[in-house]
Amino acid sequence: MAKKKIRKAPIIIAIVILISAALCIFICRCISLAFTDNIEDKYTITDGGDNTFLKTILVGAAFGKEFEVSESEFNTYINEKYCTEPEEGKSGPDHIRFYFHDNAPAEMYARIFIKNFRLAVRTKVDFSIDGETNVISARLYDAYVGELAIPDNILSYILSRISEDREHLTVSGTVLSITAKYTYEIRDYDIDLYIMNFKPAEGKIICKTNSLTGQALKAAGEYITSDEGREALSGIYNKIKDKVTSWFG
């Protein structure tokens with residue numbers, strides 16, 4: 001019986017060695033795939049982009065009618081707003097680029113840095129907007145780090161790291177959310193600008209905001225009917241009356 005146990009020992013050791021070797025090869029292969037970057041041309045903006053995103057939003061908001069934002073405008077804005085140069089001990093993206101399509105998920109390509117490592121990331125994206133809260137959400141899925149497919153829990157970890165200290169940007173699982181609303185205060189009156197529609201199409205986004213003109217007129221109406229507004233109008237009226245009176249001696 002003792003001899004049989006002795007004979008089995010080398011077999012067990014050999015099996016353990018083979019499993020360990022296979023595991024090491026698998027881990028090394030995963031690391032190699034994760035650090036492979038074949039998408040540099042996808043996440044790099046080479047034409048300089050159009051820095052007109054906010055201008056397009058404001059022009060479209062003049063009357064609250066539907067308008068279009070190009071891929072170039074959107075990507076230039078996103079890179080200037082959320083991309084930074086790698087810093088020691090910090091995480092974030094240094095390149096991001098979206099591609100929009102008709103009746104198909106958008107695509108996101110990025111290069112991110114986490115703990116001094118740079119990784120190429122690509123993922124599909126579904127956009128949605130809550131008309132009541134004006135929150136735009138982007139659900140990321142089917143993600144790859146380099147050439148390695150990653151599960152949602154790893155994608156969620158990456159998103160939580162690169163979104164740290166990002167104003168107005170929140171992460172829940174694999175969903176990024178941002179409130180697309182800006183309030184401008186004039187005296188005691190607020191003028192709100194918010195996005196009501198955000199729909200990707202081929203090479204562009206179809207957007208719609210509330211009417212900024214309507215908001216301004218509403219604020220002006222509230223001011224005019226206030227005590228301060230009536231007093232100001234009375235002063236203006238008296239100055240005009242005195243001027244006209246002076247014309248006719």
Side-chain angles (χ1 to χ4, degrees), residues 26-54 56 69-101 104-128 136-180 198 200-205:
F26 174 75
I27 293 173
C28 290
R29 177 59 176 166
C30 288
I31 293 174
S32 176
L33 289 172
F35 283 94
T36 299
D37 184 355
N38 293 326
I39 60 170
E40 184 176 0
D41 61 322
K42 290 286 190 179
Y43 59 66
T44 303
I45 299 175
T46 57
D47 57 4
D50 300 322
N51 190 18
T52 55
F53 177 77
L54 294 178
T56 301
V69 174
S70 69
E71 268 182 8
S72 179
E73 288 177 303
F74 184 79
N75 285 321
T76 300
Y77 175 77
I78 290 295
N79 274 263
E80 292 185 355
K81 181 74 173 176
Y82 293 106
C83 291
T84 59
E85 291 296 324
E87 294 183 33
E88 185 74 25
K90 292 190 176 182
S91 301
D94 62 357
H95 290 79
I96 303 176
R97 192 172 183 179
F98 287 87
Y99 295 83
F100 301 110
H101 307 289
E107 301 169 86
M108 187 195 78
Y109 295 84
R111 187 174 66 183
I112 63 174
F113 49 95
I114 297 179
K115 293 183 178 179
N116 300 322
F117 295 111
R118 290 195 183 188
L119 302 170
V121 177
R122 56 189 167 98
T123 176
K124 293 180 180 178
V125 187
D126 282 336
F127 286 96
S128 62
I136 296 176
S137 297
R139 183 178 70 88
L140 281 62
Y141 62 100
D142 194 14
Y144 285 76
V145 171
E147 295 300 317
L148 179 68
I150 58 173
D152 284 351
N153 61 330
I154 294 180
L155 176 59
S156 177
Y157 169 77
I158 292 174
L159 293 177
S160 65
R161 290 302 306 273
I162 66 174
S163 64
E164 291 176 346
D165 302 322
R166 302 291 179 178
E167 189 179 7
H168 307 307
L169 186 66
T170 59
V171 176
S172 177
T174 62
V175 178
L176 290 169
S177 298
I178 187 168
T179 301
F198 188 93
E202 192 62 40
K204 60 189 177 185
I205 312 165

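FYI, the numbering just counts along the sequence from 1.
To the nearest 0.5 angstrom, I39 atom CD1 is 11.5 Å from H95 atom NE2. Between atom CD of residue E107 and atom OH of residue Y99 there is a gap of 8.0 Å, rounded to the nearest 0.5 Å. Interatomic distance, CD of E71 versus CZ of R97, reported as 7.5 Å (0.5 Å rounding). Here the straight-line distance linking atom NZ of K81 with atom CD1 of I178 works out to 7.0 Å at 0.5 Å rounding. Atom CG of L119 sits about 6.5 Å away from atom CD1 of I158, to the nearest 0.5 Å. The CZ atom of F198 sits 5.0 Å away from the CD1 atom of I136 when rounded to the nearest 0.5 Å.
The nearest pair of heavy atoms linking I96 to I45 is O-CD1, 4.4 Å. Counting all heavy atoms, side chain and backbone alike, G173 lies closest to S156 at O-OG, 3.0 Å. Closest non-hydrogen pair, V125 versus A138, comes out as CG1-CB, 3.7 Å. Nearest heavy atom pair, residue A106 against residue F100, reads CB-CD2, 3.9 Å. Minimum heavy-atom separation, V171 to L159: CG2-O, 3.8 Å.
Side-chain atoms of Y82 and I162, non-hydrogen and from C-beta on, never get closer than 4.5 Å to each other. Side-chain contact between F98 and I205: absent, with no pair of heavy atoms (C-beta onward) separated by less than 4.5 Å.
For the pair S32 (side chain) and C28 (backbone), a donor-acceptor distance under 3.5 Å is absent. Looking at S160, its side chain does come within 3.5 Å of a backbone N or O of Y157 through a donor-acceptor pair. No donor-acceptor distance shorter than 3.5 angstrom exists from the side chain of N75 to the backbone of Y77, with no hydrogens or angles considered. S172 places no side-chain N or O within 3.5 Å of a backbone atom of V175 that could act as its donor or acceptor partner. Judged purely by atom type and a 3.5 angstrom limit, T44 uses its side chain to pair as donor or acceptor with the backbone of E40.
D94 is linked by a salt bridge (Lys or Arg N to Asp or Glu O under 4.0 Å) to R111, R118, counting only residues two or more places apart in sequence or in another chain. Evaluation of the side chain to side chain contact (heavy atoms under 4.5 Å, CB included) rule for A104 yields H101 as partners, not counting sequence neighbours.
The cationic atom of R122 (NZ for Lys, CZ for Arg) lies less than 6.0 Å from the six-membered ring centre of Y144 and within 45° of the ring axis.
Using a 30° and 60° split on the angle between ring planes, F127 and F74 fall in the perpendicular class, above 60°.
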Run the side-chain contact (heavy atoms from CB on, under 4.5 Å) check on Y43 and D37 step by step: do they pass? CA-CA 11 Å; Y43 59 66; D37 184 355; 2.7 Å; yes

Checking I154 against V145 for the side-chain contact (heavy atoms from CB on, under 4.5 Å) test, could you report, in this order, the C-alpha distance in whole Å, the side-chain angles of both residues, the deciding distance, and whether it holds? CA-CA 10 Å; I154 294 180; V145 171; 5.5 Å; no

Determine, stepwise, if the pair T174 / T123 fulfils side-chain contact (heavy atoms from CB on, under 4.5 Å). CA-CA 11 Å; T174 62; T123 176; over 6 Å; no

